[in-house]
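Keep in mind that this is a model prediction, so the values were computed, not measured. Counting begins at 1 with the first residue of the sequence. Both counts, for ligands and for their atoms, begin at 1 and track the order of listing.
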Amino acid sequence: MNTPIPFNRPYMTGRELYNIADAHFRGRLAGDGQYTQRCHGLLEEITGTRKALLTQSCTAALEMSALLAGIEPGDEVIIPSFTFVSTANAFVLRGGVPVFADVRPDTLNIDERRIEPLITGRTRAIAVVHYAGVVCDMEPVMALAARHGLTVIEDAAQALLASRNGRQGGTFGRFGTLSFHETKNVIAGEGGALLVNDPADAERAEIVREKGTNRAQFFRGQVDKYTWCDLGSSFLPGELTAAFLSAQLDEARQITQRRLRIWARYHEALAGLERDGRLRRPVLPADTEHNAHMYYVLLEDLDTRTRLIDWLKQDGIQAVFHYVPLDTSPFGQRYARAGVHCPVTADISDRLLRLPLWLGLEPEQDRVIDRVRSFFRH
Ligand SMILES: *Cc1c(COP(=O)(O)O)cnc(C)c1O
């Protein structure tokens, strides 16, 4: 068998250990030290948000958003069914009720045309997900939210450096959440960030992140002692994580450029199979600049996908499917508002296959492409 090609391989810039050694030498390892401040500055510059706060994960940033948005028991939150569990869990932890919306058949993002019929007197928020680093059509979502007085939260876990109409994903709504999990484009092992887009939320976001205390104000000399002011938890990462992450953020644009070249190679090479009706490639709306987080194809049916996964595996190539729809999951069935159906999600989740995409794949990428092509010649 050929050398294995994993689905993902974390990329290191080479500067991470230097930064960690430096943080170690300085001897200040708790959160919000100089590397955390550095990451905040880099994230504000990269995304254009007013205030970025590092968190231990995107999940933690989503939980902060639910808390800051004041989600209370019984409040409904509209969420795409085709997403990771954290998008929904964050609200359920506050007693919120997920209301699942179907996704668009082209981008696989929440179908903005299906949101309004789901709004009731109990609806408090809309959480969108920028799937595969293709930013949702935010203009109609923001207009709808303004009309109904709803908070918009963007799960931008996959969307660092992805934009729509020149504006980065995660900066349209009241809050945006990023992930630096090792499967994302820019990584810290585990890590995330909350983008606080409304200055009115800045002070409370700092307090919630610091166990409900005004510790950040104390360290800036704005108050002479710090105390318990609000609900909160420990959402901030330590300095070693921030030291690692700052090396990655320094190279975020170069990492994205390299990923875009790998993505484009797949896209070009698989165009013929799309023309022959064998698969469907990702759709990019004209006003989007994606970040090559993922290359997926949609196959004819579940059986074809299972056979292709197996065919690739026989050559040592790991390709994987993605989300199991949340609306039909055991927990979703128990906690979500009943009677909402998501036929597009049910259909595409069975047919979607993600191909390996990581920096360093370049010399082996044609092997993946040839193997996919040979499957359809079989
Ligand atoms: C990766 C991911 C998350 C979770 O991110 P963590 O940093 O692991 O908590 C949440 N939502 C989406 C859409 C993701 O892709």
With only distance considered, is [X] within less than 3.5 Å of ligand 1 through an N or O on each side?
X: His181; result: no
X: Asp155; result: yes
X: Ser179; result: yes

Next item on the list: Please work out which of Gly189, Ala90, Cys58, Ser86 has its closest non-hydrogen atom nearest to atom 5 (O) of ligand 1.
Entry: Cys58
Check for a donor-acceptor pair, side chain of [X] on one end and backbone N or O of [Y] on the other, with a separation under 3.5 Å.
X: Asp315; Y: Leu312; answer: no
X: Arg164; Y: Thr288; answer: no
X: Arg305; Y: Leu352; answer: yes

Which residue and atom name correspond to the protein heavy atom nearest [atom], and how close is it?
atom: atom 9 (O) of ligand 1; answer: Thr59 OG1, 2.5 Å
atom: atom 14 (C) of ligand 1; answer: Ala157 CB, 3.3 Å
atom: atom 15 (O) of ligand 1; answer: Gln158 NE2, 2.8 Å
atom: atom 3 (C) of ligand 1; answer: Phe84 CD2, 3.6 Å

Checklist line | Within one Ile-Leu-Val-Met-Phe-Trp-Tyr cluster: Leu299 and Ile348, side-chain cutoff 4.5 Å | finding: no
Using heavy atoms and a 4.0 Å limit, tell me yes or no: is [X] in contact with ligand 1?
X: His130; answer: no
X: Tyr323; answer: yes
X: Gly191; answer: yes

Item checked: Distance in Å, Gln333 CD paired with Asp327 CG, rounded so as to fall on 0.5 Å steps -> 7.5 Å
Margin query: List ligand 1 atoms under 4.0 Å from Lys184, heavy atoms only on the residue side.
Written below: 1 (C), 2 (C), 14 (C), 15 (O)
Notebook entry, point to check: With atoms numbered from 1 as shown, which atoms in ligand 1 lie under 4.0 angstrom from a non-hydrogen atom of Val129?
Noted result: 13 (C)
Margin query: Which residues pass the ring-ring contact (aromatic ring centres under 6.0 Å, His included) test with Tyr295, not counting sequence neighbours?
Written below: Trp263, Tyr266, His267
Check: Should we say atom CG of Leu93 is surrounded by more than 12 heavy atoms from elsewhere, each under 6.0 Å from it?
Finding: yes
Note to self: Checking side-chain polar atoms at under 3.5 Å, does Gln56 have a donor or acceptor matched by the opposite partner on Glu190?
What the structure shows: no
Margin query: Angle between ring planes, Tyr131 versus His322, binned at 30° and 60°: parallel, tilted or perpendicular?
Written below: tilted
